[in-house]
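Presented below is the structure to which this report refers.
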2 protein chains.
Amino acid sequence: MVGRGRSVETRAPLSRDRVLRAAVKLADEGGIASVTMRRLAEELDAEAMSLYHHVANKDQVLDGVVDAVAAEINEAVSRLTLPAEGPAWKEAARRRILTARQVLLGHPWAPAVFSTRTTTSPEVLLYFDGLLGIMRAGGFSNDLAHHAMHALGSRAIGFSQELFSPTGGPTTGEPDPAMAAMAAQLPNLVGMLAEVAHDDPDSTLGWCDDQAEFEFGLDLLLDGLDRRR
Amino acid sequence: MVGRGRSVETRAPLSRDRVLRAAVKLADEGGIASVTMRRLAEELDAEAMSLYHHVANKDQVLDGVVDAVAAEINEAVSRLTLPAEGPAWKEAARRRILTARQVLLGHPWAPAVFSTRTTTSPEVLLYFDGLLGIMRAGGFSNDLAHHAMHALGSRAIGFSQELFSPTGGPTTGEPDPAMAAMAAQLPNLVGMLAEVAHDDPDSTLGWCDDQAEFEFGLDLLLDGLDRRR
DNA sequence: ACCTGAACACCGTTCAAGT
DNA sequence: ACCTGAACACCGTTCAAGT
């Protein structure tokens, strides 16, 4: 609407950055499947083929989108200022990771995209470098810090993909028929579910775990690493 | 070629089972992207549209493929006969999980597909039920066992998606130019890589971790769970 | 240089028709 | 009942052409 003084002629200058921002916006609104080159172009009032002057192909769009989300995470964690020397490393790492998770809650489609990327984004590397710095300050050897990064896996950046969600939704009165048919063959699962309320009231990160379970697993790992420090 | 006595007329009887087996075969040969309804049909000497008489849609094909791989895992772990009472639970769980991983090594595309599935496969539920049984035998409360399943996440079934693979290949003499440009901003990462050989000689499970790192993370979790038992 | 229209080689899926 | 051909509504991307 404003145009910052400059008026009209050519509507929009189009750029790699504008393309990536539009992609994040589309994904936030309708999931990652709604990010197609054609709809991306439409969002930018251009033709699909024009995008190829700013990104090599769709894969590069997804790489860029991951980098953009990771940049948002880095921006958020940069505001944290906790001591990390000695035993303080654990709380510093914990806060960093939970802050990353908080950012991802705003982009529920992002973890799935992160997982598909084969080339590591520069911003993700920056994030890991910072976490590594906390561990080094805490007294980790490079070798143990290396193991730690692998052990944390995606948890290091705030998400954990779950394939164990036996109920799939709030345990309403109506029983899942398929589940009921198998019940006899799943004695331990049925017994457990009868005892623990497996609600996941609003499983916030899509197919991911909810906050309490994420923190349980995170603390399990951080405690174990602290012991080996 | 043989046809088991019955000769000719109609070539292939086509069935849900045959469709799923063909899908696994295609994925093993060319990755999951090569599993399309059209190529699947071709593999079965049929037309793409014929498949829809045996599966509702492509999503159901992928569900079935996951179920088939999980069935293969269950078959493999069923041959294990380890005691699980008391402290023995840990070795039993460990062996079960590493056996699952061994099966997945034969289907490197499978972890990514597992992660995208929203409905849990019956065979995956059976697998989890067995693991839960081991934990119960080991003395876990239902509540702790529940947390444990979430904490293990996909590791419970033998894989862990890594987004941390800073080098991306064997550290040959030639330096990654993009990496080199960022090196100054990644002091901890560069320092660590200089010290630990981050080879991943043949990172077996695609974008996943290698065996040693998988076991380190697994033991970290199992040890932590054992302590809270 | 930046952008575009038409076209190509694919997708999953619907539908009406065959046996 | 099981299978199929043609067609529809999408994809990502190439190419030759426009300014």
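The model shown is predicted, which means the values in this text are computed figures rather than measured ones. Below, chain A is the first sequence line, B the second, and so on; all start at residue 1.
Remark: C1' of dT4(C) and CZ of Arg38(A) are 13 Å apart, rounded to the nearest angstrom. The nearest whole Å value for the distance from the CD atom in Glu47(A) to the P atom in dG12(D) is 14 Å. Rounded to an integer number of Å, the gap from CZ of Arg39(B) to C1' of dG12(C) is 14 Å. Between the CG atom of Asp59(B) and the P atom of dC11(C) there is a distance of 17 Å, given to the nearest Å. In this structure, Glu42(B) atom CD and dT4(D) atom P are separated by 13 Å, rounded to whole Å. What separates CE of Met37(A) from C1' of dC3(C) is a distance of 14 Å, to the nearest Å. One can place CG of Leu44(A) at 15 Å from C1' of dT4(C), the figure rounded to the nearest angstrom. Protein atom OH of Tyr52(B) is 5 Å distant from nucleotide atom C1' of dT13(C), rounded to whole Å.
Taking CG of Asp63(A) as the start and OG1 of Thr119(A) as the end, the distance is 4.0 Å to the nearest 0.5 Å. Rounding to the nearest 0.5 Å places OG1 of Thr99(B) at 10.0 Å from CD1 of Ile73(B).
Side-chain atoms of His53(B) come within donor-acceptor range of the base of dC3(D), with a qualifying N/O pair under 3.5 Å.
The pair Glu43(A)-Arg39(A) does not count as a salt bridge, with every side-chain nitrogen at least 4.0 angstrom from each carboxylate oxygen. Taking the charged nitrogens against the carboxylate oxygens, Glu215(B) and Arg94(B) do have a contact shorter than 4.0 Å, which makes a salt bridge. A salt bridge does not link Arg38(B) to Glu42(B): none of the charged side-chain nitrogens sits closer than 4.0 Å to a carboxylate oxygen.
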- Query: Under a 3.5 Å cutoff on both atom distances, Watson-Crick or G-U, what's the dot-bracket for DNA chain C ([ ] crossing, | other strand)?
  - Reply: ||.|||||...|||||.||
- Task: Determine, step by step, whether Phe159(B) and Ser115(B) satisfy the side-chain contact (heavy atoms from CB on, under 4.5 Å) criterion, reporting the C-alpha distance in whole Å, the side-chain angles of both residues, the deciding distance to 0.1 Å, and the verdict.
- Result: CA-CA 10 Å; Phe159(B) 71 94; Ser115(B) 303; 3.9 Å; yes
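Glu195(B) and His146(A) form no side-chain donor-acceptor contact under 3.5 Å, judged by distance and modelled atom types alone.
Counting any heavy atom pair closer than 4.0 Å across all strands shown, Ser50(A) reaches a base atom.
Nearest-nucleotide positions on DNA chain D place Ser15(B) closer to the 5' end than the other of Lys58(A) and Ser15(B).
Checking dC3(C), dT4(D), dT4(C) against the side-chain heavy atoms of Ala46(B) singles out dT4(D) as nearest.
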